[in-house]
Amino acid sequence: MSDAFNNRLAQARTAAASAGIDALLITPGSDLRYLTGYAALPLERLTCLVLPTDGEAVLVVPGLEEPAAQASPAGGLDLRILPWSETDDPFGLVAHTLADVRRVGLDDHMWAEKVLRFRAAMPDAEQVLAGAALSELRIRKDADELDALRAAARAIDRVHARMPEWLKAGRTEHEVGRDIADAIIAEGHVSADFVIVASGPNGASPHHETGERIIRAGDPVVVDIGGTTAAGYCSDETRTYVVGEPPAGFVTEYGALKQAQEAAVAQVRPGASAESVDAAARDVLHEAGLGEYFIHRTGHGIGLETHEDPYIVAGNTRPIEPGMAFSIEPGFYVPGRYGARIEDIVVATEDGVERLNLRPRELTVIDADA
Ligand code: ZN
Ligand code: ZN
Ligand code: ZN
């Protein structure tokens, strides 16, 4: 992997230069992990990759984090690890490393407290977002990243496959959610990032997580779950289940949703705009009389973060390119009654699309008295 990381560092320098940025300052988070493989925790003590467009790359770390940084993939890259001790001023150290720069690109998720301390340490440097340079690199996944996303998708598929073990009438959403969270870890993730179990009327809220509601026979249940694997890549998959006999009309509506999801996936190919993928799903639901109940965008990019570029939403005219990975997740949400959503992660290929999640998309009816 060290060749891949050194490559990314070189690409980031080039991208920064073309964005008119003299140096990138990258604090712990997905950009640092993308560039160096170092999965550092964001802490009050400053850890910062200083990546000038010209000159030596330096990873400034608190002295007590130096062994961890050395042991990470960053220890084998074309950069110098520079520890600071408890009484040093690490912001001054970074400013000193850079001498004179006119414009610095700060990590998009840098803590405000650190942004202001960098401003004080480099009062003459304009601060812009590093994302202007980095999101263009991260938006297309390389072969290693696609393998990692496939592994994450298969892991969450295995969790959905076990849903009948847990999803039963008489249990609360919380109880089901706890079992799912355990299984997310057991099936190949290092963290369970979110567990949505939205039964009956709770399904009408797309981001309802879990609550005390007891699941009843006849409830549609939206289960949207995801985690992060040891490689740092995220999974995110939704299936809609019904416990027992579905409510009147729901099966027909769900059929339209399944068609909408298929239409959007079929629209994914290089050159098609992101908004055309959204429109493909929206048109089908509109024709079925469900348009007003589809209240969110069709999808979001995924990689080292669950939500990242590209967003599959009206107004995003950006053409799809090979290597882009994103969710296709249309839904309908009927207040006071129920909701439904089908979500898969897909990747745009040279000539079409690859689905990463492979669980069946038919409405899964779970026996109410099981
Ligand atoms: Zn969401
Ligand atoms: Zn989801
Ligand atoms: Zn999603």
Side-chain angles (χ1 to χ4, degrees), residues 30 138-139 141 145 148-150 152-161 163 167 173 176-177 180-181 183-184 187-189 191-199 202-210 220-229 232-241 254 257-258 260-262 264-265 267-268 274-275 277-278 280-282 285 294-314 316 320 324-333 338-348 353-361 364:
S30 56
R138 286 179 48 187
I139 201 169
K141 272 62 184 178
E145 293 185 285
L149 281 169
R150 272 184 209 105
R154 302 294 145 78
I156 207 70
D157 270 353
R158 290 194 292 275
V159 180
H160 271 292
M163 208 54 64
L167 191 56
E173 293 172 348
V176 175
I180 294 172
I184 289 174
E187 296 293 349
H189 300 83
S191 63
D193 299 337
F194 55 92
V195 177
I196 295 175
V197 179
S199 66
N202 288 342
S205 165
H207 277 177
H208 173 83
E209 293 212 347
T210 60
V221 186
V222 179
V223 179
D224 184 355
I225 53 179
T228 303
T229 65
Y233 285 79
C234 298
S235 64
D236 184 3
E237 179 179 19
T238 309
R239 288 294 182 264
T240 299
Y241 301 86
Y254 184 88
L257 176 62
K258 185 164 172 290
Q261 208 256 2
E262 272 159 16
V265 172
Q267 177 62 20
V268 176
E275 68 176 0
V277 176
D278 179 82
R282 213 162 290 281
L285 286 170
F294 179 21
I295 55 177
H296 56 71
R297 65 190 176 209
T298 291
H300 54 83
I302 188 167
L304 289 164
E305 291 174 89
T306 309
H307 288 187
E308 57 182 49
D309 284 326
Y311 292 97
I312 308 303
V313 61
N316 185 2
I320 304 289
M324 286 183 177
F326 47 86
S327 70
I328 301 281
E329 51 177 306
F332 62 84
Y333 308 92
Y338 48 61
R341 178 161 69 254
I342 304 172
E343 173 180 28
D344 291 311
I345 304 304
V346 304
V347 174
V353 63
E354 174 189 349
R355 286 183 187 262
L356 301 193
N357 297 109
L358 302 174
R359 288 293 303 156
R361 292 169 200 91
T364 304

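Note that these values count all heavy atoms, side chains included, but never hydrogens, waters or copies made by symmetry. Computed from a predicted structure; not experimentally measured. Read the numbers this way: they start at 1 and go in the same order the structure lists the ligands and their atoms.
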Practice problem: Using a cut-off of strictly less than 2.8 Å, determine whether Glu343 has an N/O/S atom near the Zn ion (ligand 2). | Solution: yes
Practice problem: Using 2.8 Å as a strict upper limit, say whether an N, O or S atom of Asp224 approaches the Zn ion (ligand 3) that closely. | Solution: no
Quiz item: Taking 2.8 Å as the cut-off, does an N/O/S atom of His307 lie below it from the Zn ion (ligand 3)?
Solution: no
Quiz item: Of all N/O/S atoms in Asp236, which lies nearest to the Zn ion (ligand 2)?
Solution: OD1
Quiz item: Would a 4.5 Å heavy-atom cut-off, applied to side chains only, mark Glu329 and His300 as touching?
Solution: yes
Quiz item: Will you find, in the side chains of Thr306 and Asp236, an N or O donor that is under 3.5 Å from an N or O acceptor?
Solution: no
Quiz item: Taking the six-membered ring for Trp, is the centroid-to-centroid distance between His207 and Phe194 below 6.0 Å?
Solution: no
Quiz item: Would you say Glu329 has an N, O or S atom lying under 2.8 Å from the Zn ion (ligand 2)?
Solution: no
Self-check item: CD on Glu343 to CG on Asn357, rounded to 0.5 Å
Solution: 7.5 Å
Exercise. Sequence neighbours left out, what passes salt bridge (charged side-chain N to carboxylate O under 4.0 Å, His left out) with Arg138? Give chain and number order.
Key: Asp31, Glu305, Glu308
